[in-house]
Amino acid sequence: MIFSKTLIHWYSNNKRNLPWRETQEPYCIWLSEIILQQTQVKQGLPYYQAFVGKFPTVFDLAKADESDVLKLWQGLGYYSRARNLHASAKYVASELKGTFPDNYKDLLKLKGVGDYTASAIASICFNEVAAVVDGNVYRVLSRYFGVCTPINSTKGPKEFKALAQELIDKDNPAEFNQAIMEFGATQCKPKNPYCHICPLNNSCIAFNKNKIHELPVKIKSAKAKKKYFNFLVFVSEDGKTILEKREGKGIWQNLYQFPLIETKNELKIESFEKAVENHKLLNDMPFEYSLYNKELLVHKLSHQHLYTKFWIINTKQLPIEGVPVSKAQEFAVPILIGNFIEEFNF
DNA sequence: AAGGCGGGGGG
DNA sequence: CCCCCAGCCTT
């Protein structure tokens, strides 16, 4: 009781001014929540503005091509969010005639909407008493109540969800949910939290036992694997290049890239011809090549470190259908490719 | 139950 | 170098 009242009071005095806090429109709240999954406000904000600007309603989003949605999402990462966003927009627009589900249980049926997002939308838009548990909530609760259960263990999410559901202000679930998250984001931060001015420091177990830096507990994940990516940047005499759509599983699904050769180790320039001698795009075709970046370009993802080289392949004609280099910027590409296109400037 | 999925920023 | 971020889906 004191806990929730204190948080809500703190929130009223300290909340940031953010566009999705000016509305209870399910479309806008849903959009903001998807964008903000595993993403900080600072990073997601411009994307939210762009999406609301280009797709003001769920119908606008539903009738767009997936490629346009991915293009607007470019650079934000976790691209399954964009694909699921688009699929759910089509579902809501056609099956539900534009009306979003108005409760936790039905919201869960939307692709890309899990426990957290369903709770957020249900509480913010419809005042349902559904507690959110995100990274901020884990941190605030584990510290204040001294909970040592690893947040990424099997029982972790259940335990914290139950605790949050117990604590939520039944009369004001929307304010409580947003208050505890904002508190975790700007006050009870991962590093250097402002404990000395914290309105809860009297009763915070971690603070009083000097365990702030130990909580929350998280099981360490495996180290990132190294991969060696070699992109073939074709440039033909008539000013075309080749971009391919990434299919199947793995990273960057449905985004475009230059034809890729993945190697076990760094591909040196002396070994390039040998490495591509049986490549379907280069077979029996005269070409000249050069290495664009002498040093490996390292692109770090959460679970992979990509050691990358861009190989420029000059040819008279392209082996397959290509795209004018001037159109390359219109494709949705990983930021690794996007940065290259911008810098290379064909 | 475990693994995969981006990119940016902070310390 | 590490960790964290308004998590979710697949296997």
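Quick note on labels: first sequence line is chain A, next is B, and so on, each numbered from 1.
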- Message: Less than 4.0 angstrom from a charged side-chain N to a carboxylate O is my criterion; do Lys90(A) and Glu95(A) meet it?
- Response: no
- Query: Under 4.0 angstrom, heavy atoms only, what part of the nucleic acid is Ser32(A) near: base, sugar-phosphate, or nothing?
  - Reply: nothing
- dG9(B) versus dC8(C) - spacing of their P atoms, nearest Å: 24 Å
- According to the Watson-Crick and G-U wobble definition with distances under 3.5 Å, which dot-bracket string, read 5' to 3', encodes DNA chain B, using [ ] for crossing pairs and | for pairs with another strand? |||||.|||||
- Classify the nucleic acid contact of Lys155(A) as base, sugar-phosphate or nothing, counting any heavy atom under 4.0 Å across all strands shown. nothing
- Query: Would you call Glu182(A) and Lys15(A) a salt bridge, taking side-chain N to carboxylate O under 4.0 Å as the test?
  - Reply: no
- To the nearest Å, how far apart are Asn84(A) CG and dC9(C) P? 6 Å
- Task: Heavy atoms under 4.0 Å is the rule here; annotate nucleotides 2-11 of chain B 5' to 3' with B where the base is hit, S where only the sugar-phosphate is, and - elsewhere.
- Result: ---BBBS---
- Item | Length of the CD1-P vector between Ile35(A) and dA6(C), whole Å | 14 Å
- When you look at Thr263(A) and Asn230(A), which way does the side-chain hydrogen bond (donor to acceptor under 3.5 Å, both in side chains) test go after all the steps? CA-CA 8 Å; Thr263(A) 49; Asn230(A) 297 276; 3.2 Å; yes
- Within 45 degrees of the axis of the six-membered ring of Phe331(A) and under 6.0 Å from its centre: does Lys71(A) put its NZ or CZ there? no
- Query: Does a side-chain heavy-atom distance below 4.5 Å link Val113(A) with Asn84(A)?
  - Reply: no
- Message: Is it the case that dA6(C) (base atoms only) and Arg21(A) (side chain only) share a donor and an acceptor within less than 3.5 Å, ignoring hydrogens and angles?
- Response: yes
- Task: Apply side-chain contact (heavy atoms from CB on, under 4.5 Å) to Cys198(A) and Gln187(A), showing your working.
- Result: CA-CA 8 Å; Cys198(A) 177; Gln187(A) 162 81 24; 3.3 Å; yes
- Message: I want to confirm an ordering. Mapping Leu110(A) and Glu182(A) to their closest nucleotides on DNA chain C, which one lands closer to the 5' end?
- Response: Glu182(A)
- Query: With a 4.0 Å cut-off on heavy atoms, is Asn177(A) in touch with a base, just the backbone sugar-phosphate, or nothing at all?
  - Reply: nothing
- Message: Taking the basic N atoms (NZ, or NE/NH1/NH2) and the acidic carboxylate oxygens, is any pair closer than 4.0 Å for Glu244(A) and Arg246(A)?
- Response: no
- Task: Under 4.0 Å between any heavy atoms, over every strand shown, what does Trp73(A) touch: base, sugar-phosphate, or nothing? Just pick one.
- Result: nothing
- Task: Assign the ring pair Trp30(A) / Tyr27(A) to parallel, tilted or perpendicular, where the plane angle (0 to 90°) is split at 30° and 60°.
- Result: tilted
- Taking the inter-plane angle between the rings of Trp73(A) and Tyr47(A) on a 0 to 90° scale, is it parallel (under 30°), tilted (30 to 60°) or perpendicular (over 60°)? tilted
- Give Val113(A) one of three labels, base, sugar-phosphate or nothing, depending on what nucleic acid heavy atoms sit under 4.0 Å from its own. sugar-phosphate
